[in-house]
Amino acid sequence: MATKDPTAVERANLLNMAKLSIKGLIESALSFGRTLDSDYPPLQQFFVVMEHCLKHGLKVRKSFLSYNKTIWGPLELVEKLYPEAEEIGASVRDLPGLKTPLGRARAWLRLALMQKKMADYLRCLIIQRELLSEFYEYHALMMEEEGAVIVGLLVGLNVIDANLCVKGEDLDSQVGVIDFSMYLKNEEEIGNKERNVQIAAILDQKNYVEELNRQLNSTVSSLHSRVDSLEKSNTKLIEELAIAKNNIIKLQEENHQLRSENELILMRTRQHLEVTKVDVETELQTYKHSRQGLDEMYNDARRQLRDESQLRQDVENELSVQVGMKHEIELAMKLLEKDIHEKQDTLIGLRQQLEEVKAINIEMYQKLQGSEDSLKEKNEIIARLEEKTNKISTAMRQLEQSSSLSFTQS
């Protein structure tokens, strides 16, 4: 006989326990007939079984100080995959008194049951096998077909109304032990229970039909009211439509009148533009003729200005030359005056020398007359004196002529 895989046997046992727990909880809750609370034993056992199912095959995760296995990791992952689960995750983290990840996971399961979303939350989790592999071994219940079956069974819990006080409950230190005595009952009890369940189901169906009928009656009344409102709205819309048609007719008549006026204005505007165009062309021709005459006057004035500017330039150049000549004449006069003064001084010196020579001549002549020396020496001395006298006289005449010529040139 082949040995069965122990993990497969564990998964099958957990699946059977989950079936019994979910079925027993639904049946007892329907027979109980009111909202369940935290002290209801079948509900407590359901959470214990779910905790064992979620723990199966959970990987050992290394923390800072120790190794532990916790189901809070995969449950916390749900809010990233299912946006509507963000609220439940935030609520769990905000609960006071929860110190362990296991306590937060137990609170999460209770809130999910009250929201009737446990099946939806876990379904989006089991389809993400790659993400779940970070938390579970490959043979874990959540990684195999049994996990999908359990999630399908959880849909039936949506018929249960539960009001669980999570805030004051000690969820960190609870010990989850499965009570098998709740599921081991004799056939008579099972038969009675099944009959009670059938009766409860019939009563529930009757209540459901009555509630449905009441809702249908309410819906019919609401529809009648809506039909009346729609008829009134339709009548009002018909009236508004008639008014709108009348307004459209008036607007069409006004539009026709405005078009006629617009055509008349357009025709008058065109005629005015033709007249204005002729006037503008006439004024343009006049302007061209006037512009031609003005251009000629401008060219003459410009030519005259250019000639006058040239004449002025010539006069200014001549004036500059005259001013330069004046400066040169003034300078020449100063030099001439200086030369004349120098020559006059020389002439005066020559005259003085001439007078001295004359005096010497007279004196020598007188001495020669009183002396009986050689006639030859006397004649030589007289000749030298006369020669010197002639040179002085010639120099004086040249100076006088030079002075007269320089003054005349100036």
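Throughout, numbering of the chain's residues begins at 1 and tracks the sequence.
Asn317 places a side-chain N or O within donor-acceptor distance of the main-chain N or O of Gln313, the cut-off being under 3.5 Å. Tyr136 places a side-chain N or O within 3.5 Å of a backbone atom of Leu54 that can act as its donor or acceptor partner. Checked by atom type and distance alone, the side chain of Asn234 never pairs as donor or acceptor with a backbone atom of Leu230 at under 3.5 Å. For the pair Asn255 (side chain) and Leu251 (backbone), a donor-acceptor distance under 3.5 Å is absent. In terms of modelled atom types and a separation under 3.5 Å, the side chain of Tyr40 and the main chain of Ser28 share a donor-acceptor contact. Checking side-chain atoms of Ser91 against main-chain N and O of Glu87 turns up a donor-acceptor pair under 3.5 Å. In this structure, the side chain of Asp339 does not engage the main chain of Leu335 through any donor-acceptor pair within 3.5 Å. When atom types are taken as modelled, the side chain of Glu10 and the backbone of His56 share no donor-acceptor pair closer than 3.5 angstrom.
Closest approach of Leu122 and Leu75 over heavy atoms only: CD2-CD2, 4.0 Å. Residues Leu36 and Leu164 come closest through the heavy atom pair O-CD2, 4.2 Å. Considering all non-hydrogen atoms of both residues, Gln44 and Asp39 come closest at NE2-CA, 3.5 Å. Taking every heavy atom of both residues into account, Ile150 and Ile22 meet most closely at O-CD1, 4.4 Å. Between Ile88 and Ala85, the closest heavy-atom pair is CG2-O, 2.9 Å. Heavy atoms only, all atoms of each residue included: Val166 and Ala107 are closest at CG1-CB, 3.6 Å.
With sequence neighbours left out, the side-chain contact (heavy atoms from CB on, under 4.5 Å) criterion links Lys99 to Asp172. Under the salt bridge (charged side-chain N to carboxylate O under 4.0 Å, His left out) criterion, Arg104 pairs with no residue at all, not counting sequence neighbours.
Contact check on Glu254 versus Lys250 returns no salt bridge, with no Lys/Arg side-chain nitrogen under 4.0 Å from an Asp/Glu carboxylate oxygen. Salt bridge present: Arg312 and Glu316 bring a charged side-chain N and a carboxylate O closer than 4.0 Å. With respect to Lys59 and Glu137, no salt bridge is recorded, no charged nitrogen being found less than 4.0 Å from a carboxylate O. A salt bridge links Glu79 with Arg93; the closest basic N to acidic carboxylate O contact falls under 4.0 Å. Using a cut-off of 4.0 Å between Lys/Arg side-chain N and Asp/Glu carboxylate O, Glu263 and Arg259 are scored as not salt-bridged.
We find the CG-OG distance between Asn16 and Ser21 to be 12.0 Å, quoted to the nearest 0.5 Å. Going from atom CG of Asn13 over to atom CG of Leu141 covers 11.0 Å, rounded to the nearest 0.5 Å. Remark: Leu157 CG to Phe46 CZ distance equals 4.5 Å, nearest 0.5 Å. The structure places CE of Met50 at 8.5 Å from CD1 of Ile71, a figure rounded to the nearest 0.5 Å. Note: Thr276 OG1 to Glu274 CD = 9.0 Å, rounded to the nearest 0.5 Å. Going from atom CD of Gln128 over to atom CD of Glu130 covers 8.5 Å, rounded to the nearest 0.5 Å.
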- [ ] I would like to know whether Leu350 and Leu354 meet side chain to side chain contact (heavy atoms under 4.5 Å, CB included); could you show each step before the answer?
- [x] CA-CA 6 Å; Leu350 291 174; Leu354 181 60; over 6 Å; no

Open item on the list: Quick one, Tyr82 with Lys117, criterion side chain to side chain contact (heavy atoms under 4.5 Å, CB included). Give me CA distance, side-chain angles, the key distance, then yes/no.
Closed with: CA-CA 11 Å; Tyr82 200 86; Lys117 290 283 189 179; 4.0 Å; yes

TODO: Evaluate side chain to side chain contact (heavy atoms under 4.5 Å, CB included) for Lys288 paired with Gln292, printing each intermediate quantity in order.
DONE: CA-CA 6 Å; Lys288 288 181 178 178; Gln292 185 176 1; over 6 Å; no

Open item on the list: Please evaluate residues Val159 and Ile26 with respect to the criterion side chain to side chain contact (heavy atoms under 4.5 Å, CB included), reporting the C-alpha separation (whole Å), side-chain torsions for both, the decisive distance (0.1 Å), and the verdict.
Closed with: CA-CA 8 Å; Val159 300; Ile26 294 174; 4.3 Å; yes

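Looking at Lys55 and Glu51, their side chains come closer than 4.5 Å, going by heavy atoms from C-beta outward. In this structure, the side chains of Leu131 and Leu81 come closer than 4.5 Å at one or more pairs of heavy atoms. Counting heavy atoms from C-beta outward, Gln45 and Pro41 have side chains that stay 4.5 Å or more apart. Residues Ser260 and Leu264 fail the side-chain proximity criterion, which asks for heavy atoms closer than 4.5 Å. By the 4.5 Å heavy-atom criterion applied to side chains, Pro74 and Leu125 are counted as neighbours. Between Met143 and Ser133, some side-chain heavy-atom pair lies under the 4.5 Å cut-off. Using a 4.5 Å cut-off on side-chain heavy atoms (C-beta onward), Leu113 and Leu109 make no contact. When side chains are defined from C-beta on, Glu261 counts as touching Leu258, because their heavy atoms get closer than 4.5 Å.
Within a 6.0 Å sphere centred on CD of Glu145, other residues, nucleotides and ligands contribute 12 heavy atoms or fewer. Applying the 6.0 Å contact sphere to CE of Met297 captures no more than 12 heavy atoms from other residues, nucleotides or ligands.
Arg106 forms no cation-pi arrangement with Phe47, by the criterion of a distance under 6.0 Å to the ring centre and an angle within 45° of the ring axis.
No side-chain donor from either of Glu84 and Tyr121 sits under 3.5 Å from a side-chain acceptor of the other. Side-chain atoms of Glu318 and Gln322 form a donor-acceptor pair, as typed in the model, at a separation below 3.5 Å.
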Donor-acceptor pairs under 3.5 angstrom involving side-chain atoms of residues 302-309: please list them, not counting sequence neighbours.
from	atom 1	to	atom 2	distance (Å)
Arg303	NH1	Asp300	OD1	2.9
Gln304	NE2	Glu308	OE2	3.3
Ser309	OG	Leu305	O	2.7

